[in-house]
Amino acid sequence: MPYFIHLLKLWLIQLRYAITRELAFRANFFAWVIVELAWFVLQLAFVGVVYQHVDSVAGWNRYEMIVLVATNQLIQQIFTAFLMPGLVKLPDLVRTGGLDFLLLKPAPPQFLVSTSSLEIGPLANAGIALIVVLSALHSLAITPTLSATFTYLFLVLAGLFVHYALLLALVSFTFWIVQAESVLLGYYSIFQVARLPREATRGWFRVIFTFAIPLLLVANVPASVLIRNMHITPILLFLGTSLSAALLASLFFYLGLRRYQSASS
Amino acid sequence: MTAALRALPTVFSIGLQRQLAYRWNYLLRALFSAVPLLVSWVFWEAVFQGKETVGRYTLAGLLTYYAVLLIVEAVSSPADDDFQISREIREGMLNPILLRPLPYGLYRGALFLSGRCAYLVAAFIPVFLCFFILSRVVHLELASFDILRGLPALFGSALLQFSLTLCLSLTSFWFLDISSLIFLVYSLEFLAGGHVFPLDLLPAPLFTAARFLPFAYEYWFPAAALCGTLSHREWQIGIGMQFAWAIFFLFFAYFLWKAGLRKYTAAGG
């Protein structure tokens, strides 16, 4: 337990440093808020265009779809704030040998790689996504119960594990492929699956993205908790698969780390 | 000028070798770019449940559009040219390039071309596989595939994307970090360029407005020209707009380069 408290303290120090740095570059902070907002508007515009032509997609009406898309955005932005900035730097650290400095520090390499950088800007967009969720719920005339709200927030946090697992696994390819910048494109491409209503999928696609890479559960399960009745089976399935995915990705990272050869002098 | 032109094949060759050294990166990029097609397929199949058409598209027509977009992207989209140019300016790496008797625009043009060639080699198998798999399950509307009108539009798209990239990257003379600007333009390209959905699914006034912007001529126009869904008149107007925007951005890039060089400080050896 004291070990986890030690890690938590380290993380809080990094968080404080990130806030100081973000406040030093305020224009950059607002620029990134606008960029992320533009991508969210793009997703909502897509929903708007589709529902101009149909009333329902796989049983999801316009506002239910907005809850799904905004929930996905909420999870993604929290992930982008706390874990993604560190992970995306791994290919560069491996190529330049900068990973040496992290390996010498008295903390687990995976923890240091994952938390070495933080960005506060995406949290503003997470807030906007939450407002969109609430506004869509209002349009659906749904007032979530207290237990549904807490379950939703808990599942949003669980969704972070899936994001984390996928990106950690992808950036770990850098131990085999020297230039692995494309993995970020891979992350964004694959995560488009999370915006699909699960009912729209079938066959091998549904099996793979439910059990192997549980992307179809990341936003679907929390959104369903808010707009439909809460079922325990998908929740348990989601928690089980997200934890397994994170553990497997961690194993893959350490497997790659064994191949690491310092590139510095 | 003749000496500069003679140097271009060498620049192209160096660029190609540099790009092919990271062929796995390109292969991964090509593979991942096929994922949105898969997602679009699943999503639109659900949208088309119980419907024959959405807008003017059948499901097969829409999937053909997304598949053709893969070709457009492979041929005309810059990889990380914007970040490379920005780094060259920011880190003073322009110094050796400025000493060469080679205009910077031509130098970058040759590197862009080599990057596209390397990507095409890496993307060929994944794109071919996508078409093959898709054609087994959906009847792709390839009968009206128009290579004669599509090729000039593809060339125009590459020129437009290159010139726009050049303009964006050259702002590095004034700004320390331009990544937010680049990603903001990406989002506009995706939405107003017809990357997320064909622009003719937009309500009529928005569709008309989108055709005045350069982004429509990066993805939607070449894809629609290749799919053969444009009338001859629409194609003529489109190709005119596309090249007009490309030339405008080339001139603007030239202006930015001249102004930027006056501000540039060469430091280091």
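In what follows, chains carry the letters A, B, and so on, assigned in the order in which the sequence lines appear, proteins first and then strands, with residues in each chain numbered from 1.
- By the 4.5 Å heavy-atom criterion applied to side chains, B:Tyr186 and A:Val35 are not counted as neighbours.
- Within 6.0 Å of OH in A:Tyr164 there are more than 12 heavy atoms belonging to other residues, nucleotides or ligands.
- Listed by first then second residue, pairs satisfying side chain to side chain donor-acceptor pair (under 3.5 Å) with a partner in residues 58-68 of chain A read A:Trp60-A:Glu199, A:Glu64-A:Arg228, not counting sequence neighbours.
- For the set B:Ser179, B:Ala192, B:Gly55, the entry with the most heavy-atom pairs within less than 4.5 Å of chain A is B:Ser179.
- Residues of residues 196-218 of chain B lying under 4.5 angstrom from chain A, judged on non-hydrogen atoms, are B:Val196, B:Phe197, B:Leu201, B:Leu202, B:Pro203 by number.
- Under a cut-off of 6.0 angstrom, the local environment of CZ in B:Phe252 is sparse, with at most 12 non-hydrogen atoms contributed by other residues, nucleotides or ligands.
- Residue A:Gln52 touches chain B through its side chain alone, counting heavy-atom pairs closer than 4.5 Å.
- Between A:Val57 and B:Ala46, the shortest heavy-atom contact is CG1-CB, 3.8 Å.
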Review item, side-chain donor-acceptor pairs of residues 36-48 of chain A, under 3.5 Å, at least two apart:
from    : atom 1 : to       : atom 2 : distance (Å)
A:Glu36 : OE1    : A:Gln77  : NE2    : 3.0
A:Trp39 : NE1    : B:Phe183 : O      : 3.4

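- Contact annotation for residues 202-221 of chain A against chain B (heavy-atom separation below 4.5 Å, listed by residue number): A:Arg202, A:Trp204, A:Phe205.
- Of the atoms belonging to A:Leu196, it is side-chain heavy atoms, and not backbone ones, that fall under 4.5 Å from chain B.
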